[in-house]
Protein chains: 2
Amino acid sequence: MPKKVVTLKNIAEELGLSITAVSKALRGEGGIGKDTVLRVQETAKRMNYLPNSVAKSLRTNTTKTLGLIVSDSSFSFFTPVIEGVEKSAAEYGYNIILCNAYSNVDKEREAVRILANKRVDGLIFAASMLNGEEHRGFLDSFGIPYVFVIRKSETDESDYVINDNTNGSFQMVDYLIKTGSKKIYFINIYEKITSYSDRMVGYRKALEENGIPLDEHLLYGAKPTVEDGYAAMNRILASSQQIDAVFCGCDVIAIGAMEAIIEAGLRIPEDIRVAGYDDIEYAAYLRVPLTTVRQPKYKIGKMGTEILLDRIQGKFEGRQNIILRPDLVLRHST
Amino acid sequence: MPKKVVTLKNIAEELGLSITAVSKALRGEGGIGKDTVLRVQETAKRMNYLPNSVAKSLRTNTTKTLGLIVSDSSFSFFTPVIEGVEKSAAEYGYNIILCNAYSNVDKEREAVRILANKRVDGLIFAASMLNGEEHRGFLDSFGIPYVFVIRKSETDESDYVINDNTNGSFQMVDYLIKTGSKKIYFINIYEKITSYSDRMVGYRKALEENGIPLDEHLLYGAKPTVEDGYAAMNRILASSQQIDAVFCGCDVIAIGAMEAIIEAGLRIPEDIRVAGYDDIEYAAYLRVPLTTVRQPKYKIGKMGTEILLDRIQGKFEGRQNIILRPDLVLRHST
DNA sequence: GTGAAAGCGCTAACAG
DNA sequence: CTGTTAGCGCTTTCAC
């Protein structure tokens with residue numbers, strides 16, 4: 001099976017040309033006779049020549065490869081993000097090395113190191129945990145351009161593409177209020193990440209604008225898992241008889257919450273309205289089709305990659321901080 | 001931002017040593033004095049040395065990188081497969097380059113070429129369309145070991161890891177019959193791929209063993225999309241009043257089928273029982289929690305990678321054809 | 001124990 | 001239009 005691998009040198013010898021001539025001919029660099037180019041191309045094909053991009057990379061100091069670090073690739077939330085990255089990278093002739101950070105700062109740093117010594121041309125962080133000021137020095141030390149996606153860097157010093165969490169949350173809560181709910185519970189994601197605190201900001205803002213006082217008792221926290229959403233909802237159910245609506249910090253929590261509500265023998269949305277955030281795949285086909293805030297996941301991945309690629313080519317100076325407006329998706333659960 | 005990148009040479013000069021000595025010291029290759037090793041390590045750290053694995057790859061002719069080609073990475077079905085691959089690759093010090101084949105033979109071949117000239121050490125095909133005999137020559141021409149995963153190669157000449165589609169399907173249909181259903185519709189995936197024809201074999205076998213004659217009128221086809229499942233179910237509903245159960249070739253089709261049934265004002269499972277195949281994420285939280293056949297997706301990805309890695313190291317001779325037994329997951333839809 | 005030299009396959013000056 | 005030369009950063013004989 002191990003085929004003899006053919007190189008430029010072999011082709012050159014076969015044709016009695018120099019390596020340089022062959023290289024130029026194959027790359028269509030010009031300065032080579034038309035007939036020669038043809039002969040070279042034909043011979044390369046006949047000999048089954050496969051360019052060695054490792055050698056090329058060493059020489060040119062570029063790998064045409066991007067590193068994509070996903071905070072936890074077991075969440076299918078990231079599927080469209082990854083897809084967007086992969087696709088636009090491919091369009092520009094780049095490949096991506098996918099790494100999982102397992103929601104762990106040290107593992108994520110390790111991934112950066114590995115990718116850096118594979119000499120990737122750029123790095124994309126999806127929901128990174130290295131978005132804090134304290135990791136800036138580390139990230140910059142490699143001299144590799146990078147972009148944050150889904151979750152922004154804490155300062156605006158780095159490029160990023162995210163959805164407007166405050167606005168998305170505001171839209172949802174405002175809608176819930178305008179359509180009759182007064183007492184809106186909020187099971188937010190319990191992590192000190194700006195994405196989530198921004199969702200809290202939107203929640204408060206919507207209450208305020210509608211003249212509803214904030215009631216701290218309606219605030220709950222959960223990790224972004226079905227189990228945690230389920231548990232949080234059960235605590236809510238145990239605490240009160242009157243629950244107009246529950247706004248969940250993400251769809252996964254909403255799934256757990258809906259389970260708890262159904263299990264308690266209550267109806268969605270008649271007894272309790274449920275809303276989520278993200279619009280994960282199949283959100284329309286859950287127990288009750290879920291009303292949610294749609295993050296443009298694919299687009300975020302795509303734009304992040306494009307920005308990174310532009311930066312690699314030194315296309316712009318200033319920071320690119322892009323905040324996309326999310327959409328409300330109304331379904332049956334509210 | 002573009003840091004001056006430090007090489008072995010720089011360290012050598014700094015220390016008045018040879019490049020060779022530094023290289024050996026850093027790799028702990030032995031034959032270097034203990035004190036020297038220490039000095040080298042310290043200096044490397046101080047100078048922020050980052051090994052250049054591109055150069056190493058060129059020299060050693062190995063990249064510690066695997067190519068993973070997914071037939072369509074927009075299906076979140078593949079998320080756990082990718083995860084399994086990534087994780088076990090990482091355990092052995094390998095990274096993966098992820099490519100999407102967009103369910104297209106030509107694009108998939110192109111991906112192979114790209115990965116081959118990036119000199120990946122091995123290739124993993126997830127639900128490949130290049131699994132036919134006619135692509136063997138092409139794949140072998142690169143001299144790169146590869147493994148098929150999820151979908152087998154048509155002959156057993158290549159390594160693969162899949163679930164036992166015949167058995168999974170048999171288990172489900174047998175269960176449906178034994179629990180009272182006689183007239184079981186089958187909406188299979190409409191593609192001429194052995195995975196799907198094997199599911200048909202299991203269906204027939206279960207009928208046969210239970211003494212139920214095959215009725216061709218109960219056989220439907222659909223692409224693996226919600227829309228197609230929905231449409232197929234509507235055709236079934238229009239064709240008959242008596243429908244005991246519907247077995248769907250994959251969960252995504254089942255989702256569509258359930259939508260159609262509910263829309264028709266019928267109840268699941270009281271009026272019609274619905275079963276799927278795959279056990280995708282959140283199958284337990286759909287309209288009606290879905291009874292399905294669980295493919296060990298993560299494990300398939302993991303085992304495939306391990307086999308590939310073993311083969312890269314020349315660990316075995318014979319073909320590795322692994323067929324894992326899937327499990328029945330009983331939920332509320334049946 | 002340590003170093004010199006060669007070379008992986010390619011591109012990029014610079015000559016001719 | 002084509003070839004020579006030099007090296008990218010590393011590992012690997014083979015001497016000393």
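So that the names make sense, note that chain A is the first sequence line, chain B the second, and so on, each numbered from 1. Values reported hereafter were calculated over all heavy atoms of this structure, with side chains retained and with hydrogens, waters and symmetry mates removed.
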Steps toward ring-ring contact (aromatic ring centres under 6.0 Å, His included) verdict (B:Phe138, B:Phe142): CA-CA 7 Å; B:Phe138 172 73; B:Phe142 297 100; 5.2 Å; yes
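Note: CD (B:Glu13) to C1' (D:dG9) measures 13 Å, nearest angstrom. In this structure, B:Asn10 places its CG atom 9 Å from P of D:dC10, rounding to the nearest Å. Between the CD atom of B:Glu29 and the P atom of D:dC10 there is a distance of 15 Å, given to the nearest Å. Straight-line distance from the CG atom of A:Leu26 to the P atom of D:dT2: 14 Å, rounded to whole Å. Taking atom CD1 of residue A:Ile32 and atom C1' of nucleotide D:dG3, one finds them 9 Å apart after rounding to whole Å. The CG-C1' distance, from A:Leu15 to D:dC1, rounds to 15 Å in whole Å.
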Under 3.5 Å donor-acceptor pairs involving side-chain atoms of residues 113-126 of chain B, not counting sequence neighbours:
residue  : atom : partner  : partner atom : Å
B:Arg113 : NH1  : B:Glu110 : OE1          : 2.8
B:Asn117 : ND2  : B:Arg113 : O            : 3.4
B:Lys118 : NZ   : A:Thr63  : O            : 3.2
B:Lys118 : NZ   : A:Lys64  : O            : 2.7
B:Lys118 : NZ   : A:Thr65  : OG1          : 2.8
B:Lys118 : NZ   : A:Asn95  : OD1          : 3.1
B:Arg119 : NH1  : A:Pro51  : O            : 3.3
B:Arg119 : NH1  : B:Ala116 : O            : 3.2
B:Arg119 : NH2  : A:Leu50  : O            : 3.3
B:Asp121 : OD1  : B:Thr63  : N            : 3.0
B:Asp121 : OD1  : B:Thr63  : OG1          : 3.3
B:Asp121 : OD2  : B:Thr63  : N            : 3.2
B:Asp121 : OD2  : B:Lys64  : N            : 2.7

Side-chain donor/acceptor pairs under 3.5 Å, residues 76-88 of chain A, sequence neighbours excluded:
residue : atom : partner  : partner atom : Å
A:Ser76 : OG   : B:Glu281 : OE1          : 2.6
A:Thr79 : OG1  : A:Ser76  : O            : 3.1
A:Thr79 : OG1  : B:Thr79  : OG1          : 3.0
A:Glu86 : OE1  : B:Tyr102 : OH           : 3.1
A:Glu86 : OE2  : B:Asn100 : N            : 3.4
A:Ser88 : OG   : A:Gly84  : O            : 2.9

Let me check something: any side-chain donor-acceptor pairs from residues 16-23 of chain A under 3.5 Å, sequence neighbours excluded? List them with distances.
residue : atom : partner : partner atom : Å
A:Ser18 : OG   : A:Ala21 : N            : 3.0
A:Ser23 : OG   : A:Arg27 : NE           : 3.2
A:Ser23 : OG   : A:Arg27 : NH2          : 2.9

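Over its length, the helix from C:dG1-D:dC16 to C:dG16-D:dC1 turns its helix axis by 40°, as judged from the five terminal pairs at each end, rounded to 10°.
Atom-to-atom distance recorded for A:Thr155:OG1 and A:Asn321:CG is 8.5 Å, nearest 0.5 angstrom.
For A:Asn48, the CG atom is densely surrounded, since the number of other residues' heavy atoms within 6.0 Å is greater than 12. The number of heavy atoms from other shown groups lying within 6.0 Å of OH (A:Tyr92) does not exceed 12.
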Could you encode protein contacts along nucleotides 5-10 of chain C as a string, one character per nucleotide from 5' to 3', using B for base contact, S for sugar-phosphate-only contact and - for no contact, with a heavy-atom cut-off of under 4.0 Å? BBBBBB
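The side chain to side chain donor-acceptor pair (under 3.5 Å) search around A:Lys315 returns A:Asp310, not counting sequence neighbours.
In the interface, the side chain of B:Lys24 is paired with the base of C:dG3 through a donor and an acceptor atom under 3.5 Å apart.
Residue A:Ser57 is classed as having no contact, given no heavy-atom separation below 4.0 Å to the nucleic acid.
With a 4.5 Å cut-off on side-chain heavy atoms, A:Ile323 and A:Val161 do not count as touching.
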